[in-house]
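Notes follow the structure.
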Amino acid sequence: MSELIQAILNSEEKNDLRAFISELRQQEKNYLLRNDILNVYGEYCSKSQKPETFYKFSNLGKLIYYTQEIIQEDSNFCFIIRPKIADQEVYRLTADLDVESMTVEELLDLRDRLVNKFHPNDGDLLELDFGPFYDYTPTIRDPKNIGKGVQFLNRYLSSKLFQDPKQWLESLFNFLRLHNYNGIQLLINYQIQSQQQLSQQVKKALNFVSDRPNDEPYEQFRLQLQTMGFEPGWGNTASRVRDSLNILDELIDSPDPQTLEAFISRVPMIFRIVLVSAHGWFGQEGVLGRPDTGGQVVYVLDQAKNLEKQLQEDVILAGLDGLNVQPKVIILSRLIPNSDGTLCNQRLEKVHGTENAWILRVPLREFNPNMTQNWISRFEFWPYLETFAVDSERELLAEFQGRPDLIVGNYTDGNLVAFLLARRMKVTQCNIAHALEKSKYLFSNLYWQDLEDKYHFSLQFTADLISMNAANFVVSSTYQEIVGTPDSVGQYESYKCFTMPELYHVVNGIELFSPKFNVVPPGVNENSYFPFTRTEDRVENDRDRLAEMLFTLEDSSQIFGKLDDPTKRPIFSMARLDRIKNLTGLAECFGQSKELQEHCNLILVAGKLRVEESGDNEERDEIVKLYHIIDEYNLHGKIRWLGVRLSKNDSGEIYRVIADHQGIFVQPALFEAFGLTILESMVSGLPTFATQFGGPLEIIQDKVNGFYINPTNLEETATKIIDFVTKCEQNPNYWNTISQQAIDRVYSTYTWKIHTTKLLTLARIYGFWNFTSKENREDLLRYLESLFYLIYKPRAQQLLEQHKYR
Ligand code: UDP
Ligand code: LCN
């Protein structure tokens, strides 16, 4: 980038830069974000009548494109530039247009000065740097391979391991000896005492099974294999056992990364899994749409069901069903005594449609009954996590009658609990963020002190840093969750370097190129959400009942609004009523467009209808705002707002009913980490218009199987919808084409089968590498523990004190 700046300074564009800087000086703000910068630049170009080519292709245009932030301090400007994904360069431009590069530390100091929180004495403030802990692990080089960690790790470590065949065989042999289920030895037994013997016996066993019919059940030749040193786990039929032994034989004689992955994916080493989802209402009915209870619950429930199914299939394939092996999945959540009609006050609840998947709810210790008896917002939950983890360990050990094989954390709180549990129990830890709040709230770190009363970000971001660094592997739903797009910073990327004024500076918060990151998107529940055209699977009564509820039913206790013309094409949206979901933005977009109102009705399924029924600040604000917009634009007769809590089946059918009416789904969030409603609407066959900020950008391919919208540009959004509606009116087939392409997109890319197969492969492979590479992470874990005890815990205790007075 410094060459680009020099090129500007050494050309006629120097005057443009000078003029642009002078425009910047006239801005009221001294901290400009990308959107502001583009606006100022756009204005400058049009004011000085620059051609389109200058705007885009001049060196200044390129510089502006890469500039994420500009900070003005006195007469200087600091340019924070992102020349490519996951990279950052910082330059100071003086009034005389001298350019100096700035260090991360200088940038963080500058940001502190901006909010008058600068510590003049060097060394006054704690600096967090995780960089040195990643020195001993390999890193991916090309940013486009970020998120494909396991492939990279496999290739890298295999090539290292295979260089020393003796050591490699030793590791493999020791790894094979490890496995057992409830004390029953699996794979190999004491008769195989060395790696040489292993190699000989594999060939012997291969000869033996080769002569047997392919589909001969394992039980029929189990004893013969046992005498050769092989225990159950190789397969359920002669052909499966042969395949597994063949792969092993190849691995011993001529190892390569693909064979290694194929082999490890078959090793029966995961039977018990914990999924931690600590905050919120975790239940199977009546919990969705509440503050803090949305997609994460849907995701974890579906994941639990599908993991159990996959583990059961794996058990059968491995030939273990005769041993009474029963995989078990436990969703760990908090028990909420005042559970508002849900089952969240029940200790143990079986997950519907499974044999051995459970929701285990552990109560918070009685620090203060006013708090711990009730639902606690995710922003206030921090003081309870440590004791929750301690109590949960005991309960999990009892439920599993032993240790789990994998612990998966969800969201900041669940990930911190997963860290504490994994550390205590010495189990592989996987992190799933769902949404990292840091990038959701503008300047959340810089102004953390002002926001602390409401959001307690100091605890949340510290917890995030701890668990994302501690995790053996991280599962993200999209690539951009990790490192964003060419022009926007990723959620994990936003933890790379930031200041928490007067608390700490993070100079290197996470290694984005680490192979721990893996993109594994979720799927949809195919029993509840399926194409509207599958009439044979739909229940007519439900369809009619929900159509009535959506369009005509009068019931002021849960429905607001009566449509003048219920036959107009419905624009539908469903979300929790929080600010970021921006349903109010959609209502405003609809309100501002008379043309949209002529063609369509707006139907919202959202939270509650009455402020007094909500205990959540943001929800209350949004309710007030929505009524205000309805009045301001006089949307009466054109909008329906359903404050209902739908059952799973109803929520599936509701999308299909909208599709029966050739409607569309709009997801107008200001930012959406992933967006399960988008998968649900697409698989139902609804043309979907979704925010361009976040995950939907990866789910949808614009104009092919859905459409992007910029929810901050109401006029443009309305125009996009009107264009679509007009096109459909001219050519009714257009709706069907997009509808079918949306359905195809979900089935080809977003299924739980794909997700769980990949997740289990990851768990096995990271487990294997942890064992064989004996990677010493103890120093990192000790550092993280110090952060937990020295920063997190005292702050959590302070918050607990405040809770005592509630
Ligand atoms: N949902 C629901 N009722 C509501 C609002 C949401 O059933 O009133 C469901 C919706 O069908 C989806 C989930 O909650 O399955 C929301 O997930 P998403 O990933 O879209 O957003 P999140 O709420 O997690 O931010
Ligand atoms: C949280 C969110 O905000 C959504 O974007 C995701 O779809 C959901 O979790 C499930 O991961």
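Scope of the values below: all heavy atoms of this structure, side chains included, with no hydrogens, waters or symmetry mates. Counting starts at 1 for both ligands and their atoms, following the listed order. Numbering starts at 1 and runs along the sequence shown.
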Inset, instruction - Might you confirm whether atom CD of E612 has over 12 heavy atoms from other residues, nucleotides or ligands at distances under 6.0 Å? - result: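 For E612, atom CD is crowded (more than 12 foreign heavy atoms under 6.0 Å).
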Legend entry - K720 atom NZ: more than 12 heavy-atom contacts under 6.0 Å: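 Result for NZ/K720: enclosed.
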Inset, instruction - Could you list the residues that satisfy side-chain contact (heavy atoms from CB on, under 4.5 Å) with Q692, not counting sequence neighbours? - result: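 Q692 satisfies side-chain contact (heavy atoms from CB on, under 4.5 Å) with L697, Y708, N710 only.
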Inset, instruction - Report the C-alpha distance between E680 and Y655 in whole Å, list the side-chain angles of each, state the deciding distance to 0.1 Å, and finish with yes or no for side-chain hydrogen bond (donor to acceptor under 3.5 Å, both in side chains). - result: CA-CA 8 Å; E680 295 164 359; Y655 290 102; 2.6 Å; yes
Inset, instruction - Tell me which protein heavy atom sits closest to atom 4 (C) of ligand 2, plus the residue, atom name and distance to 0.1 Å. - result: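 Sorting protein heavy atoms by distance from atom 4 (C) of ligand 2 puts E672 OE2, 3.1 Å first.
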Legend entry - Which residue and heavy atom of the protein sit nearest atom 10 (C) of ligand 2, plus the separation: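 For atom 10 (C) of ligand 2, the nearest protein heavy atom comes out as H434 ND1, 3.3 Å.
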Legend entry - Check: F674 N/O within less than 3.5 Å of ligand 2 N/O: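 Yes, at least one N or O pair falls under 3.5 Å.
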Side chains of [X] and [Y]: donor-acceptor distance under 3.5 Å anywhere?
X    : Y    : result
T584 : E622 : yes
D744 : Q740 : yes
E452 : S458 : yes

Inset, instruction - Measure the shortest side-chain to side-chain distance between L646 and M574 over non-hydrogen atoms and say whether it is less than 4.5 angstrom. - result: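 Side chain of L646 against side chain of M574, heavy atoms only: contact under 4.5 Å found.
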Legend entry - Heavy-atom side-chain contact between Y479 and I146 under 4.5 Å: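 SC-SC contact between Y479 and I146 confirmed.
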Inset, instruction - Consider ligand 2: state whether an atom of it lies below 4.0 angstrom from any non-hydrogen atom of G675. - result: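 The answer is yes, since G675 has a heavy atom less than 4.0 Å from ligand 2.
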Pairs under 3.5 Å, N/O atoms on ligand 1 and on the protein: can you put them in a table with the distances?
from, atom 1, to, atom 2, distance (Å)
ligand 1, 11 (O), E680, OE1, 2.7
ligand 1, 11 (O), E680, OE2, 3.4
ligand 1, 15 (O), E680, OE2, 2.5
ligand 1, 17 (O), G295, N, 3.2
ligand 1, 19 (O), L676, N, 2.8
ligand 1, 20 (O), L676, N, 3.2
ligand 1, 20 (O), T677, N, 3.1
ligand 1, 20 (O), T677, OG1, 3.4
ligand 1, 21 (O), K581, NZ, 3.0
ligand 1, 23 (O), G295, N, 3.4
ligand 1, 23 (O), R576, NE, 2.7
ligand 1, 23 (O), R576, NH2, 3.3
ligand 1, 24 (O), G295, N, 2.6
ligand 1, 25 (O), R576, NH2, 2.9
ligand 1, 25 (O), K581, NZ, 2.6

Legend entry - Per-atom contacts of ligand 2 with A673, taking only distances under 4.0 Å to non-hydrogen atoms: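 This gives 5 (O) as the contact atoms.
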Legend entry - Part of Y299 within contact of ligand 2 (heavy atoms, under 4.0 Å):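 Y299 to ligand 2: side-chain contact only, backbone stays beyond 4.0 Å.
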